[in-house]
Amino acid sequence: MRIENIITGAVKRFFIEKELPLSDTSSVQLQKTRREFKGDITLVVFPFVRLMKKSPDEAAEDLGLYLSGLPEIKSYNVIKGFLNLEIEHTYWTGFVAEAAANDKYGVKAQQGKRETVLVEFSSPNTNKPLHLGHIRNNLLGYSISLILEANGMNVKKVNLVNDRGIHICKTMLAWQKWGENKSPADTGVKGDHFVGDMYVRFEKAYRNEVDELVKGGMSEDEARVEAPLIKEAREMLRKWEADDPATTELWRRMNGWVYQGFDITYRRLGVSFDKIYYESETYHTGKTIVEEGLKRSVLKKKEDGSVWADLTGRGLDEKLLLRSDGTSVYITQDLGTAVLRQKDYNAGKMYYVVGNEQDYHFKVLSLILDELGYDWADSLEHISYGMVELPSGKMKSREGKVVDADNLIDEMIETAGKLSDELGKLDDLTEGERKDIVDTIAMGALKYFILKVDPKKNMIFNPEESIDFNGNTGPFIQYTHARICSLLKKSAQRGILPGNYDFSGITLSDKEKRVAALLHEFPPVVQEAGRSCSPALIANLVYDLSKEYNQFYHDHQVIREENMSLRDFRLLLTALTGDVIRKGMGLLGIMVPEKM
RNA sequence: GGUUCCGUAGCUCAGCUGGAUAGAGCAACAGCCUUCUAAGCUGUGGGUCGCAGGUUCGAAUCCUGCCGGAAUCACCA
């Protein structure tokens with residue numbers, strides 16, 4: 001049993017024996033003992049002082065005396081109403097031996113029937129390549145999926161590609177006009193970038209037209225609607241919705257280019273999906289649902305023909321679901337997608353990893369599904385994450401103020417390679433090995449940089465200062481792992497294999513205990529990360545563990561330790577640390593090298 | 001204007017459902033490799049936790065009001 005549960009149980013027994021009613025278990029507060037005091041775990045006694053009718057110090061003394069009767073408690077001391085408990089070394093050694101032998105440590109054993117949950121992430125538009133914002137989305141979505149899986153759920157990762165709409169028509173039109181009938185293969189440009197360039201081309205030309213019209217005396221708003229290019233694009237959208245063969249053919253072709261490009265970026269990011277939904281396929285369902293809702297009078301039609309959901313009774317506004325011309329809007333497609341997914345998977349939960357700029361959208365989406373009578377409407381959960389900003393503010397694709405995903409990855413790999421060469425770390429490896437390790441380090445740096453931040457918060461990325469490889473970084477943790485692998489390899493080469501698990505006679509140093517205590521935290525942190533959908537919690541723990549282990553490594557001998565029991569314990573501690581680093585980083589979607 | 005989120009060291013971030021003297025990293029400076037990988041370790045300096053009240057044994061954390069920033073409230077997605 002975990003030490004927290006042992007202590008909590010004992011505290012409860014204490015109050016039962018004293019016939020003092022303890023209101024609820026939450027009043028038993030345990031925390032890590034601060035470094036400056038002696039002990040491992042601290043019980044906060046303030047919540048009990050009124051109950052016990054004693055001063056904080058007296059109450060702590062009574063509890064300390066009682067708890068020291070436990071075989072796991074070695075000693076206690078009281079400081080200002082805090083009861084510091086020192087745990088017996090055998091608890092830590094026993095824990096390390098047990099955890100090291102359990103290859104599922106920290107990962108919930110999958111029990112018979114697992115709840116199916118859906119995680120939607122990525123959700124790109126097919127008119128531009130992925131940028132840093134998408135990277136955060138993809139990394140979060142993928143990591144959260146792995147974390148939920150580790151918490152015993154049957155996770156299905158789904159992507160929803162926005163492959164239709166006016167923006168796609170803009171790229172098609174630009175290609176017809178200026179694409180010279182060339183394909184990405186002809187130009188050597190990656191497909192998604194090729195199409196993205198067309199989009200930029202269109203926006204520029206469109207802007208010029210609008211400016212001209214404004215110069216001619218037209219208002220800005222009017223000019224935006226009247227510009228010939230946008231009219232042409234709208235006409236193309238109309239043709240697309242009418243299934244015009246030439247238009248859909250071009251549409252299919254250009255989306256194909258984009259997907260080829262996306263696939264490369266996804267592969268480099270190491271993310272994958274179980275199923276990909278396309279809005280071009282789900283928006284029909286959305287329309288059907290809305291029409292049914294209209295028939296049942298849950299929704300309203302206005303004189304101009306537009307269809308609305310009235311949410312004023314729920315504290316919100318009215319929401320448009322179908323335009324007056326009968327075409328669907330963004331939320332209509334999301335309604336359809338949700339219904340289709342529920343049919344496909346019958347999931348207990350549908351997570352949406354989408355930026356916090358869409359908080360309102362998801363509130364509305366869930367309410368409308370509820371209005372329409374779907375009993376699973378409250379199983380939608382928006383995992384709302386903060387924006388990635390540049391030092392100058394928000395990224396703006398229109399002004400070219402974006403950090404392109406492919407460029408960033410390239411730069412990370414270049415930097416990692418340069419650094420590795422400078423340090424001469426990979427000199428005696430083959431070119432293939434070197435490349436693998438450099439990639440691993442580069443992606444580790446990038447992924448960790450993004451995932452260590454609380455998802456809910458906006459974060460700032462400064463492209464001028466490249467991502468670090470020292471300190472609180474992915475490579476630091478990877479390096480710790482590589483060192484551990486090297487050490488374990490050496491011990492195996494020398495035929496040192498821990499066989500003697502009798503650790504009753506050894507005394508642990510503070511460093512050893514702290515490493516053990518952090519390893520001990522791994523399972524509850526994985527659980528909490530799943531509950532709160534926050535990979536950052538795991539990132540922080542793995543960093544703390546690496547830092548603590550490096551101090552241990554600096555201060556102690558492992559292989560050369562002469563006391564065999566102690567040496568074996570340190571080897572186990574080392575092996576378990578390596579295991580937890582690998583698993584923890586694995587849950588972030590980050591690989592760890594065996595040497596670097 | 002309404003709603004929501006955010007404000008912690010020069011910079012980037014931790015700080016769980018309130019607990020002890022608020023922690024890391026980067027940057028700066030000073031040290032540590034004949035010993036298991038120095039992408040490491042050690043030390044120094046750096047804070048009115050936006051401001052003001054309130055709740056209580058105790059507040060960076062909870063409540064209220066201000067100040068500052070962001071998002072959103074589209075027949076855009």
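The sequence lines fix the lettering, A, B, ..., with proteins before strands; numbering per chain opens at 1.
In this structure, CD1 of A/I581 is placed 13 Å from P of B/G40, rounded to the nearest angstrom. Taking atom CG of A/L320 as the reference point, atom C1' of B/U72 lies 17 Å away to the nearest angstrom. When the C1' atom of B/A27 is taken as reference, atom CG of A/N462 falls 13 Å away, rounded to whole Å. To the nearest angstrom, P of B/U37 lies 15 Å from CD1 of A/I437.
The side chain to side chain donor-acceptor pair (under 3.5 Å) analysis of residues 412-421 of chain A, with sequence neighbours excluded, yields the pairs A/D421-A/R434. Residue pairs satisfying the side chain to side chain donor-acceptor pair (under 3.5 Å) criterion with at least one member in residues 47-60 of chain A, sequence neighbours excluded, are listed as follows: A/K54-A/D62, A/S55-A/E58. Among residues at least two apart or in separate chains, ring pair (Phe, Tyr, Trp, His ring centres under 6.0 Å) pairs with a member in residues 455-493 of chain A are A/F449-A/F461, A/F476-A/Y543. Here side chain to side chain donor-acceptor pair (under 3.5 Å) pairs that include residues 38-49 of chain A, with residues two or more places apart or in two chains, are A/T33-A/T42, A/D40-A/K513, A/T42-A/N84.
At B/U37, one or more side-chain N or O atoms of A/S486 fall inside 4.0 Å of OP1 or OP2 (strictly under the cut-off). Phosphate proximity of B/C36 to A/R570: absent, as no side-chain N or O sits under 4.0 Å from OP1 or OP2. Checking the phosphate oxygens (OP1, OP2) of B/U42, a side-chain nitrogen or oxygen of A/Q551 falls inside 4.0 Å. In this structure, A/R50 reaches the B/C57 phosphate: one of its side-chain N or O atoms is under 4.0 Å from OP1 or OP2. Taking 4.0 angstrom as the limit, A/K80 places none of its side-chain polar atoms (N or O) nearer than this to OP1 or OP2 of B/G19.
Counting any heavy atom pair closer than 4.0 Å across all strands shown, A/T480 reaches no nucleic acid atom. Here A/S420 lies in heavy-atom contact (under 4.0 Å) with a base. Counting non-hydrogen atoms under 4.0 angstrom, A/E521 reaches nothing in the nucleic acid. Within 4.0 Å (heavy atoms only), A/P524 reaches no atom of the nucleic acid at all. Here A/N125 lies in heavy-atom contact (under 4.0 Å) with sugar-phosphate atoms only. Among the protein residues, A/I441 comes within range of the nucleic acid bases, having at least one heavy atom under 4.0 Å from a base atom. Among the atoms of the strands shown, only primed sugar atoms or phosphate atoms (P, OP1, OP2) are found under 4.0 Å from some heavy atom of A/F476. Across all strands, A/L322 comes closer than 4.0 Å to no nucleic acid atom at all (heavy-atom distances). Residue contacts for A/Y360: at a heavy-atom cut-off of 4.0 Å it reaches the sugar-phosphate backbone alone, with no base atom in range. Residue contacts shown for A/Q358 include a base, since a base heavy atom lies under 4.0 Å away.
The side-chain ring of A/Y553 is not stacked on the base of B/G40, judged by centre separation under 5.5 angstrom and plane angle under 30 degrees. Ring stacking holds between A/F82 and B/A20, with the centres under 5.5 Å apart and the planes within 30 degrees of each other.
Checking A/R323 against A/K547, the closest nucleotide of RNA chain B that is more toward the 5' end is the one next to A/K547. Between A/K394 and A/T473, the residue anchored closer to the 5' end of RNA chain B is A/T473, taking for each the nucleotide with the nearest heavy atom.
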Can you give one letter per nucleotide of nucleotides 1-15 of chain B, going 5' to 3': B for a protein heavy atom under 4.0 Å from the base, S for sugar-phosphate only, - for none? ------S----SSS-
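Of the residues in residues 31-39 of chain A, A/Q31, A/R34, A/F37 come within less than 4.0 Å of RNA chain B through at least one heavy atom, sorted by number.
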Evaluate A/H131 against A/I135 for side chain to side chain contact (heavy atoms under 4.5 Å, CB included), listing each step before the verdict. CA-CA 6 Å; A/H131 59 68; A/I135 292 186; over 6 Å; no
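Residues forming a side-chain contact (heavy atoms from CB on, under 4.5 Å) with A/H382 (at least two apart in sequence, or on another chain): A/V354, A/D359, A/F362, A/S384. When the side-chain contact (heavy atoms from CB on, under 4.5 Å) test is applied to A/L423, the partners found at least two apart in sequence or on another chain are A/L419, A/K425. In this structure, the ring pair (Phe, Tyr, Trp, His ring centres under 6.0 Å) partners of A/F82, at least two apart in sequence or on a different chain, are A/F46. Every residue two or more places apart in sequence or in another chain that forms a side-chain contact (heavy atoms from CB on, under 4.5 Å) with A/N5 is listed here: A/M1, A/R2. Judged as a side-chain contact (heavy atoms from CB on, under 4.5 Å), and not counting sequence neighbours, the contacts of A/Q493 are A/K489, A/K490.
The ring of A/F202 has its center no closer than 6.0 angstrom to the ring center of A/Y199.
The cationic group of A/R164 lies under 6.0 Å from the six-membered ring centre of A/Y283 and within 45° of the ring axis, placing it in a cation-pi geometry. For the pair A/K302 and A/W308, the cation-pi criterion (under 6.0 Å, within 45° of the ring axis) is fulfilled.
In this structure, the nucleotide among B/A38, B/A20, B/C36 sitting nearest to the side chain of A/V558 is B/C36. Out of B/A70, B/A77, B/G19, the shortest distance to the side chain of A/E389 is found at B/A70. Of the candidates B/C36, B/A38, B/A77, B/C36 carries the atom nearest the A/L487 side chain, counting heavy atoms from C-beta on.
Checking side-chain atoms of A/R570 against main-chain N and O of A/Y553 turns up no donor-acceptor pair under 3.5 Å.
The base of B/A20 is paired with the side chain of A/N84 by a donor and an acceptor separated by under 3.5 Å.
Taking the syn range as angles within 90° of 0, the glycosidic angle of B/C33 is syn.
In secondary-structure terms, RNA chain B builds stems of at least 3 consecutive Watson-Crick or G-U pairs, each pair having both distances under 3.5 Å, at B:1-7 with B:67-73, B:10-13 with B:23-26, B:28-32 with B:40-44, B:50-54 with B:62-66.
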